[in-house]
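FYI, the numbering just counts along the sequence from 1. For ligands, and for the atoms within them, numbers begin at 1 and follow the listed sequence.
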Amino acid sequence: MEIRESGMPEIERWESFFDPYAILLTFGLSTRDKIIIDFGCGYGTFSIAAAEISLGDVYAFDNNEVFLAECRKRAAEKGLEKVHCIHRDFVKEGVGMQPNSADFVMLFNILHADNPIDILLEAHRVLAPGGRAAVIHWNYDPLTPRGPSMDIRPKPEQCQIWMKEAGFEFVTPKFDFPPYHYGLLGQKKKKII
Ligand SMILES: C[S@@+](CC[C@H](N)C(=O)[O-])C[C@H]1O[C@@H](n2cnc3c(N)ncnc32)[C@H](O)[C@@H]1O
């Protein structure tokens, strides 16, 4: 099931809108993160950057083979065998990974879906205790050059509420990723030993 309005411009234009390395470093992605999941990887913009920063395994899911082919090609060109590009509809089927298995999940430019809480619940399920889910989305501003229409574009406060509803114990205040994006980071509760 396609997320509504998930069309993308060509790659150069898409990647002029943000700096994936700076965003992931701001979220604290590091070599401690071994298993990373990208929900709706598109061209692999963030999957590739995450693999380069973390040196971990990145599971990049998308239901569009055209985008996946680009992600695969870029991973191969960079010798990043730890980027696994997987064709899957995570809205219908989830990501199919073990519960409590991932360190870091990326939900980038996808929470305008009509079922954002289900997607967040799946992210929460696969994260290990203490694991983090990073969200970015287009600013709630009709002047951004792209982004979903305003009637379905989520505000950061709305995403924070959804993240808490999905079970994330801690959710940060909004990060600004100028010129067009904001970000949030949620953490799954740590196990009490
Ligand atoms: C707006 S793009 C964002 C791409 C990437 N996250 C980024 O920020 O560069 C949304 C992506 O989600 C994918 N997508 C939409 N619905 C999906 C679904 N149900 N299952 C898997 N991928 C989906 C689209 O094919 C598209 O590549």
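Under 4.0 angstrom from ligand 1, the non-hydrogen atoms of Phe67 all belong to its side chain. Of the heavy atoms in Trp14, only side-chain atoms (C-beta onward) come closer than 4.0 Å to ligand 1. Contacts between Arg88 and ligand 1 below 4.0 angstrom, taking non-hydrogen atoms only, involve the backbone exclusively. Looking at Cys41 against ligand 1, only its backbone comes within 4.0 Å, counting heavy atoms.
Not counting sequence neighbours, Ser16 has no partner by the side chain to side chain donor-acceptor pair (under 3.5 Å) test.
Under a 4.0 Å criterion applied to the non-hydrogen atoms of Asn64, ligand 1 contributes the atoms 25 (O). Within ligand 1, the atoms closer than 4.0 Å to a non-hydrogen atom of Phe108 are 3 (C), 5 (C), 6 (N), 8 (O), numbered from 1 in the order shown. When each atom of ligand 1 is checked for a heavy atom of Gly42 under 4.0 Å away, the hits are 4 (C), 27 (O).
No more than 12 heavy atoms of other residues, nucleotides or ligands sit less than 6.0 Å from atom CD of Glu81.
Side-chain atoms of Lys188 do not come within 3.5 Å of backbone N or O of Gly131 as any donor-acceptor pair.
When Ile119, Val95, Asp62 are checked for heavy-atom proximity to atom 24 (C) of ligand 1, Asp62 turns out nearest. When Ile110, Asn115, Asn109 are ranked by how near their heavy atoms come to atom 8 (O) of ligand 1, first place goes to Asn109.
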query = Could you walk me through whether Phe39 and Ile37 pass the side-chain contact (heavy atoms from CB on, under 4.5 Å) check?
reply = CA-CA 6 Å; Phe39 279 65; Ile37 304 179; 3.7 Å; yes
